[in-house]
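Chain A is the first sequence line, chain B the second, and so forth, proteins listed ahead of strands; every chain is numbered from 1. The structure displayed is predicted, hence computed values, not measured ones.
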Amino acid sequence: MSEKYQPHEVEVKWQRKWDETRIYRSQVDWDKPKHYALTMLPYPSGDLHIGHWFAMSPSDARARWMRMRGYNVLFPMGFDAFGLPAEQAAISRNIHPWKWTYSNIERMRQQLRSMGAMFDWEREAISCTPEYYKWSEWFFKKFYEHGFAYRGSALVNWSETLQTVLANEQVIDGKDERTGQPVVHKMMEQWFFAITKYADELLDFAGLDWPQAIKIMQTNWIGRSEGARVAFRTELGDHPIEIYTTRPDTLWGATFMVLAPEHDLVDVITSAAQRAAVDHYIDEIAAETEIERMMEHREKTGVFTGAYAINPVNDERIPIWIADYVMITYGTGAIMAVPAHDQRDFEFARAHDLSIRVVIQPAEMAEPLTDAAMTEAYDGPGTMVNSDAMDGSQSSKDKGRANAAIGRVLDWLEATGKGQESVNYRLHDWLISRQRYWGGPIPMMYDGEEIIPVPDEDLPVVLPEDVDFMPTGRSPLTYHEPFYKVDETVRRETDTLDTFMCSSWYQLRYLSPQCATAPFDAEEAAYWLPVDVYTGGAEHAVMHLLYTRFFTKVLRDIGVFDEAAAVMRQKGRDPQGAFDEPMSLLRNQGQVLGGERQGDFVLCSGREVGGKLLANRVEVAGWNEAPAGFEGRFGEIAHRTENVLHLDMAGLTQFVEVLPDAEIVIPGIPGRNNVNQLRHHLEIQRMSKSKGNVVNPDELVEKYGADVVRCYLMFNFDWQKGGPWNENNIKGPQGWLHELWEIALAGAPDSAGDAKRERDIERKLHQTIAVVNRGLEEFSFNTAIAEQMKFKNSFKAALRAGGIGAEMWREVMSQALRLLAPFAPHFAEELWQRLGREYSVHLQSWPQYDAEKAREEQVELVVLINGKPRGSVEVAVDIERERALELAVASEAAQRSLAGKAPRRTIFIPGRNGTDPKVNIVV
RNA sequence: GGGGAAGUGGCGGAAUUGGCAGACGCGCAUGACUUAGGAUCAUGUCUCUUUUGAGGUGAGGGUUCGAGUCCCUCCUUCCUCACCA
């Protein structure tokens with residue numbers, strides 16, 4: 001009996017040895033091709049989550065593969081260490097954020113090491129250290145000097161719970177995206193980054209190999225739209241009210257205007273008679289949170305201001321209302337309302353008895369459309385009517401100038417000076433300041449109204465440690481006098497930087513985390529940039545991933561990369577485009593979800609038809625046994641397709657078709673229920689502490705060893721999709737490694753080699769190499785491992801059958817272990833050593849795929865009859881078309897189907913890349 | 001409501017450009033070994049059918065010699081933005 005594989009001893013041993021021998025140290029080497037592989041850095045929350053393993057260990061496998069293929073690979077790791085949780089821990093548990101963060105980092109570093117990844121720890125960067133945030137501050141100053149950072153007043157998202165403002169990107173459904181607490185809009189003076197200056201460039205993804213979904217999300221977030229700005233003046237006084245519209249072709253249909261309640265002009269134009277009503281409405285709206293304001297299917301409320309505007313296109317007098325369905329944050333915060341052709345305006349008009357005028361006659365309608373006949377707004381294509389000189393223009397479904405009517409009106413507006421063609425963005429400037437302590441200080445000072453940047457030689461502005469964390473909600477910096485009081489008149493900024501700013505450039509700090517004279521070393525940047533492969537979660541689609549693109553573009557434009565570009569030229573590399581985008585290729589992993597959940601046990605009654613129960617009543621039972629005397633079917637819903645339930649009762653599957661009008665009784669849910677509400681036992685959900693379905697990676701490593709966990713994560717999921725956790729499946733990869741261990745320790749056979757059998761295993765090996773390469777290339781880690789399992793099966797069978805000589809055995813093992821090394825680094829290293837090979841397997845070159853060796857000699861010629869496989873004939877791999885047709889037609893399967901007749905048609909499908917050729921015979 | 005992704009065995013999931021659907025693994029079944037097995041090994045495992053054969057990738061239609069893959073209609077699920085003017 002051979003020795004068992006002991007993961008713990010082996011893994012710790014090799015982790016130490018790798019450290020000691022520094023085999024993962026990455027250094028600039030201009031003679032080697034570079035590969036910068038980056039995986040998103042974690043926030044030091046306390047413990048490494050299985051999600052971190054799922055994101056990082058496949059990324060590590062891919063980085064290792066690139067390295068073995070001869071690339072000089074940089075695969076760094078660090079911590080995104082500023083942020084609110086540390087501060088909350090300080091307040092609630094009286095522990096300093098430094099201490100909390102550092103002990104978490106300490107712990108997570110150990111957990112990361114247990115993963116066996118090839119992180120180069122010498123390049124570790126931690127965003128909350130003065131050595132790091134000095135350069136965050138420096139960048140802030142650069143942005144300020146070049147007009148990309150400015151202080152401005154704006155309506156911002158304020159979180160009462162967090163006592164800070166948040167960026168738009170951090171607010172989801174009116175709630176803070178981290179804590180789920182509501183936010184309110186507040187007018188405040190804050191620091192902004194001018195990301196909107198790059199709106200158009202950020203819409204350009206040319207040359208980026210990023211997931212389509214991310215590109216679309218960013219495009220939607222930026223929200224570019226084309227239309228016109230038109231100023232309506234008020235009837236009394238000349239207060240122009242500028243509106244933005246994407247439908248200038250409906251200008252003649254504007255029967256009223258609506259301003260957002262927060263609009264500046266509301267106060268100016270409101271009549272004395274309406275003053276009380278308007279003020280009352282504004283107060284009501286202000287008291288609402290953003291969540292309430294965004295409730296679906298809200299009634300369209302609003303009040304008349306008492307003022308009238310003049311529509312510049314036809315000089316009509318129209319009333320001005322305020323309503324909360326107009327958002328101050330979009331466009332100009334004011335709209336012309338065209339109820340006939342905009343659903344929201346339509347609803348508002350009907351609710352407040354405002355007039356509706358049709359100005360687009362529907363294309364498909366013979367009779368003129370009248371407002372009385374309308375039950376909803378018409379926003380389809382048609383002909384402009386009631387629009388003076390523009391009548392007859394054709395309005396299509398297209399947006400912008402692609403629509404003839406819009407184009408014509410835009411020209412007319414420009415020519416008459418009544419309006420301008422205009423592009424609008426949903427994107428707002430990035431609100432960068434936070435009223436919190438645990439962030440990078442903003443290096444600015446104030447002398448009264450005057451803004452004074454902190455001189456470079458005084459950077460970094462250091463976060464004071466001796467502060468009190470009182471549960472006031474306010475940042476301790478605001479009452480730490482030595483910090484904010486620079487001298488008698490000068491006060492220091494007490495707001496800190498959004499942590500997303502710190503993570504917008506961390507890929508640069510990894511290049512030279514110890515560099516004291518610059519944010520990064522120019523030569524390192526010249527060699528390593530841009531990041532070649534970036535992996536991480538899709539939840540950062542419009543925050544981090546948009547910010548870091550913006551950041552990179554600004555740095556490029558203000559010359560931060562100039563020196564690196566010079567080094568590139570000097571080394572004979574073209575810097576053109578190298579600094580346009582931070583990451584050339586991006587892939588998102590999916591999410592590991594909690595395990596299966598028990599489903600509903602149901603009692604179904606109805607009538608039996610053909611082995612199936614047609615149920616007219618389904619009741620969800622609170623127990624798992626049928627009551628005595630119950631007739632019908634009872635069981636757990638194992639599966640459901642449409643209205644057919646697959647009931648599992650004592651391992652037997654029964655089918656129940658739920659009739660459309662069946663009564664469905666679910667305890668606790670009164671009223672009519674739907675078949676869709678029935679839960680089958682596969683329902684899965686996100687892992688969370690409150691659901692008690694969290695998987696702890698430390699325990700898994702303890703139980704199975706890191707390599708088994710790595711292989712399980714890579715093998716059992718489609719990495720880009722994620723899926724439910726099922727620890728039973730870990731037996732697959734575990735058994736595979738176990739068998740490999742047995743094979744390796746059994747040693748080389750002493751039987752003589754048989755040429756044909758050795759050729760067979762060699763062929764399989766090279767076929768495996770090809771599939772593993774493709775799997776790693778395409779982030780299809782599961783197929784890369786499946787193919788190696790298959791190879792193990794073949795090799796095992798071959799060894800049992802005999803005919804594999806010692807030399808071939810050693811050759812196969814050598815290659816197989818190198819294929820395995822990126823996936824199971826410790827295990828492969830251990831066997832590599834036990835087979836007497838030179839340290840380290842990770843310093844070996846990747847097995848070279850040899851197409852000639854992978855080539856099959858004999859293949860199956862598949863005979864298809866009308867496209868369905870019906871037989872096969874063994875033939876040579878390079879069989880000619882004519883010969884294949886002949887053999888196929890002569891085959892038994894074909895003869896049977898043809899029954900003496902000639903085929904109507906025959907099609908030869910050659911075998912690609914060694915796959916079987918086929919002949920389709922149409923009879 | 002807009003935008004996007006996806007629906008394949010009991011389960012996780014495979015299937016280059018349309019070319020043998022269900023690789024690999026889990027589970028399950030049978031057998032072997034064992035004092036024992038939640039260990040290990042072997043064999044089998046889409047469905048129906050006696051062989052033969054027939055059917056089968058959410059539903060329905062279409063294109064094609066041939067469709068999981070392409071097109072149209074619909075259903076379901078997930079993600080995302082959301083009164084976006």
Please list each protein N or O that sits under 3.5 Å from an N or O in nucleotides 51-53 of chain B, with the distance.
unit_1	atom_1	unit_2	atom_2	d
B/rG53	OP1	A/R896	NE	3.3
B/rG53	OP1	A/R896	NH2	2.7

How close or far is atom [atom2] of [N] from atom [atom1] of [X], stated in whole angstroms?
X	N	atom1	atom2	result
A/Q589	B/rA5	CD	P	20 Å
A/I865	B/rG19	CD1	C1'	15 Å
A/K300	B/rC83	NZ	P	10 Å

Distance between [atom1] atoms of [N] and [M] (Å, rounded):
N	M	atom1	value
B/rC70	B/rA15	P	14 Å
B/rA29	B/rU76	C1'	34 Å
B/rG9	B/rG25	C1'	14 Å
B/rG1	B/rA23	C1'	42 Å
B/rG61	B/rU50	P	29 Å

| query | Base, sugar-phosphate alone, or nothing: which one does A/G722 contact when heavy atoms must sit under 4.0 Å apart? | reply | sugar-phosphate
| field | Residues in side chain to side chain donor-acceptor pair (under 3.5 Å) contact with A/E874, at least two apart in sequence or another chain | value | A/Q858
Check whether any side-chain N or O of [X] sits under 4.0 Å from OP1 or OP2 of [N], and answer yes or no.
X	N	result
A/Y244	B/rA85	no
A/R344	B/rG1	no
A/K399	B/rA85	no

| field | Pair A/K399 + A/E226: basic N to acidic O under 4.0 Å | value |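 Judged by the 4.0 Å cut-off on N to carboxylate O distance, A/K399 and A/E226 do not form a salt bridge.
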| query | Would you call A/E892 and A/R870 a salt bridge, taking side-chain N to carboxylate O under 4.0 Å as the test? | reply | no
| Out of curiosity, A/Q212 CD to A/M217 CE, how far, rounded to the nearest 0.5 Å? |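 One gets 11.0 Å once the value is rounded to the nearest 0.5 Å.
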| What about the rings of A/F715 and A/W736, do their centers lie closer together than 6.0 Å? | no
| task | Treat primed atoms plus P, OP1 and OP2 as sugar-phosphate and everything else as base, then score nucleotides 24-30 of chain B 5' to 3': B for base contact with protein heavy atoms under 4.0 Å, S for sugar-phosphate contact only, - for none. | result | BBSS---
| Proximity to RNA chain B (any heavy atom under 4.0 Å), residues of residues 764-772 of chain A only | none
| message | Please give me every residue in residues 218-230 of chain A whose heavy atoms get under 4.0 Å of an atom in RNA chain B, ordered by residue number. | response | A/N220, A/W221
[X]: what forms a ring-ring contact (aromatic ring centres under 6.0 Å, His included) with it, not counting sequence neighbours?
X	result
A/F717	A/F54, A/Y712
A/H738	none
A/Y5	A/W741, A/F827

| query | Between A/F781 and A/W719, what is the ring plane arrangement, given parallel below 30°, perpendicular above 60°, and tilted in between? | reply |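 The rings of A/F781 and A/W719 stand perpendicular, inter-plane angle above 60°.
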Side-chain polar contacts of residues 766-776 of chain A - donor-acceptor pairs under 3.5 angstrom, sequence neighbours left out - could you list them?
unit_1	atom_1	unit_2	atom_2	d
A/H766	ND1	A/D850	N	3.1
A/Q767	NE2	A/A854	O	3.0
A/Q767	NE2	A/E856	OE2	2.9
A/T768	OG1	A/K764	O	2.8
A/N773	OD1	A/W65	NE1	3.1
A/N773	OD1	A/W846	NE1	2.7
A/N773	ND2	A/I769	O	3.4

| field | Dot-bracket summary - RNA chain B, pairs being Watson-Crick or G-U whose distances fall under 3.5 Å, with | when paired to another strand | value | (((((((..(((......[....)))((((((.......))))))(((....)))..(((((..]....))))))))))))....
| field | Pair A/K790-A/E787, salt bridge (charged side-chain N to carboxylate O under 4.0 Å, His left out): steps then yes or no | value | CA-CA 5 Å; A/K790 228 158 96 178; A/E787 201 63 18; 3.6 Å; yes
| salt bridge (Lys or Arg N to Asp or Glu O under 4.0 Å): pairs with one or both residues in residues 709-724 of chain A, sequence neighbours excluded |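 Counting only pairs at least two positions apart or across chains, the salt bridge (Lys or Arg N to Asp or Glu O under 4.0 Å) contacts touching residues 709-724 of chain A are A/D60-A/R710.
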| Selection from B/rG13, B/rC65, B/rA15 that lies nearest to any side-chain heavy atom of A/D718 |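 It is B/rG13.
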Side-chain donor-acceptor contacts of residues 248-256 of chain A below 3.5 Å, not counting sequence neighbours, with atom names and distances?
unit_1	atom_1	unit_2	atom_2	d
A/D249	OD1	A/R247	NE	3.0
A/D249	OD2	A/R247	NE	3.4
A/D249	OD2	A/R247	NH2	3.1
A/D249	OD2	A/S395	OG	2.8
A/T250	OG1	A/R247	O	2.8
A/W252	NE1	A/D388	OD2	3.1
A/T255	OG1	A/S355	O	2.7

| task | Pull up the glycosidic torsion of B/rG4 and say syn or anti, syn being anything within 90° of 0. | result |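 Anti for B/rG4; the angle lies over 90° from 0.
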| request: Can you see which heavy atom on A/V863 is nearest to which on A/A894, and at what distance? | output: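 Reported closest heavy-atom pair: CG1-CB, 4.3 Å.
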